[in-house]
Amino acid sequence: MVIFSVILVIIAASFTIDLVIENKFMLKTRREKPVGNVKIFHLSDVHKRKNIVHKICRAAENESPDLIFITGDLVSRSQTDFSEIDMMLGNLCEIAPVYMCFGNHEQSLPDEKQRELLEILRKNQVHLLLNRYEELEFKGRKIRIYGLMQKYSTYKKNGSYRNLDGFTVKEMEQLIGKVPDCETFLLAHNPLFAKEYAEWGADHTFSGHVHGGSVRLFGIGILSPERRFFPKYSKGVYTIGKNQIHVTAGIGKLRMFNPPEIVIYNI
């Protein structure tokens with residue numbers, strides 16, 4: 001009985017230590033298989049992780065990417081101090097062009113804090129894509145980068161996660177138009193509409209939001225922010241038709257067996 005109790009204490013202590021290390025100190029770099037000549041640094045869902053900002057900057061400096069994508073929830077809706085984010089964006093924008101879409105937390109910021117964030121983005125020359133695109137010719141390729149912002153009721157409706165609104169290709173076309181006849185990268189915070197993005201026709205979609213499922217067991221994400229179990233698109237690269245959706249587990253929020261990450265793609 002004593003031995004069994006000691007074993008339980010050791011297991012509990014190990015889980016606690018792992019939880020603290022994972023949520024306070026770790027930052028992993030996940031590399032997907034190189035298939036192209038454009039190097040992308042993908043960052044999402046930083047939320048309030050101030051203690052990891054310097055590691056993000058160091059990782060970006062070491063990687064020297066061509067483009068940096070931030071797919072929303074750079075801050076949390078309850079956050080009041082954006083100074084660390086300001087510093088991070090200043091450093092990242094010196095390394096490579098930074099393109100960003102809003103997540104549900106940016107959408108639900110109080111008006112004053114949203115204006116403050118917008119000014120920080122403008123000052124640091126972040127390419128903020130709110131239902132619009134920018135086009136670039138790079139390494140012999142013509143690329144359009146779109147940023148999608150869906151209605152907030154796809155995340156939360158009437159203060160609840162029940163009976164959320166869906167999202168259709170028709171609505172997507174109303175927001176950003178039809179897919180162009182060139183290579184297309186889509187920044188869309190929420191990966192749960194991956195099929196709609198694929199049907200719209202994006203070549204590559206970049207998302208976050210699900211935090212890897214918060215807890216991962218045997219490589220499976222357990223819970224989405226909408227309080228849904230086993231979200232289909234939680235972390236990794238998924239192929240739907242001719243579309244690839246690249247989902248990062250992101251940086252912030254409480255997690256287990258699911259370390260914070262940035263992702264490097266060569267596309």
Side-chain angles (χ1 to χ4, degrees), residues 15-31 40-63 65 68-96 98-110 113-114 116-118 120-121 123-124 126 128 155 187 189-191 206-216 221-226 231 234-236 246-264:
F15 274 104
T16 301
I17 292 170
D18 179 82
L19 195 65
V20 170
I21 292 174
E22 190 170 356
N23 284 276
K24 290 293 184 182
F25 305 109
M26 290 182 70
L27 176 63
K28 286 199 170 183
T29 300
R30 175 161 60 89
R31 300 177 189 278
I40 296 170
F41 183 100
H42 184 193
L43 172 68
S44 194
D45 299 275
V46 177
H47 290 291
K48 296 181 180 180
R49 289 295 305 274
K50 293 182 180 180
N51 61 312
I52 212 166
V53 162
H54 68 285
K55 293 184 180 180
I56 294 171
C57 294
R58 190 183 309 133
E61 186 176 359
N62 291 338
E63 293 294 338
I68 297 173
F69 290 167
I70 301 176
T71 51
D73 286 4
L74 181 63
V75 299
S76 291
R77 66 175 64 89
S78 60
Q79 193 168 336
T80 57
D81 182 5
F82 295 159
S83 58
E84 291 288 325
I85 292 300
D86 188 4
M87 180 274 291
M88 182 185 78
L89 290 174
N91 288 336
L92 292 181
C93 288
E94 290 182 358
I95 295 168
V98 176
Y99 293 83
M100 177 178 166
C101 69
F102 268 7
N104 52 305
H105 279 256
E106 284 92 3
Q107 283 185 253
S108 55
L109 279 172
K113 300 308 292 183
Q114 190 176 92
E116 180 182 343
L117 178 62
L118 288 170
I120 288 171
L121 299 176
K123 180 187 71 173
N124 289 296
V126 173
L128 179 61
Y155 296 106
L187 310 187
H189 181 63
N190 190 344
F206 300 86
S207 299
H209 181 57
V210 180
H211 310 141
S214 298
V215 177
R216 293 184 70 82
I222 303 301
L223 188 67
S224 81
E226 291 79 16
S234 60
K235 175 181 174 179
H246 309 269
V247 184
T248 175
I251 302 293
K253 296 287 186 177
L254 188 66
R255 54 186 61 220
M256 193 167 191
F257 309 127
N258 175 35
E261 66 171 13
I262 54 95
V263 191
I264 303 297

The criterion is salt bridge (Lys or Arg N to Asp or Glu O under 4.0 Å); which residues satisfy it with [X], sequence neighbours excluded?
X	answer
Glu84	none
Glu94	none
Glu63	Arg31, Lys39

Query raised in the report: Quick one: ring pair (Phe, Tyr, Trp, His ring centres under 6.0 Å) partners of Phe206, sequence neighbours excluded?
Result: His42, Phe69, Phe185, His246, Tyr265

**Report entry** Contacts of type ring pair (Phe, Tyr, Trp, His ring centres under 6.0 Å), residue Tyr99, not counting sequence neighbours
**Finding:** His127

Query - Considering all heavy atoms, the nearest Ala249-Asn258 contact - result: CB-OD1, 3.5 Å

For [X], check side chain to side chain contact (heavy atoms under 4.5 Å, CB included) against everything at least two apart and list the hits.
X	value
Asp81	Lys50, Ser83
Lys123	Asp86, Glu119
Glu61	Ile95
Arg77	Asn104, His105, Ser108, Tyr152

[X]: what forms a side-chain hydrogen bond (donor to acceptor under 3.5 Å, both in side chains) with it, not counting sequence neighbours?
X	value
Gln107	none
Gln114	none
Asp45	His211

Query raised in the report: Pick one: which of Ile85, Leu74, Val46 meets side chain to side chain contact (heavy atoms under 4.5 Å, CB included) with Gln79?
Result: Ile85

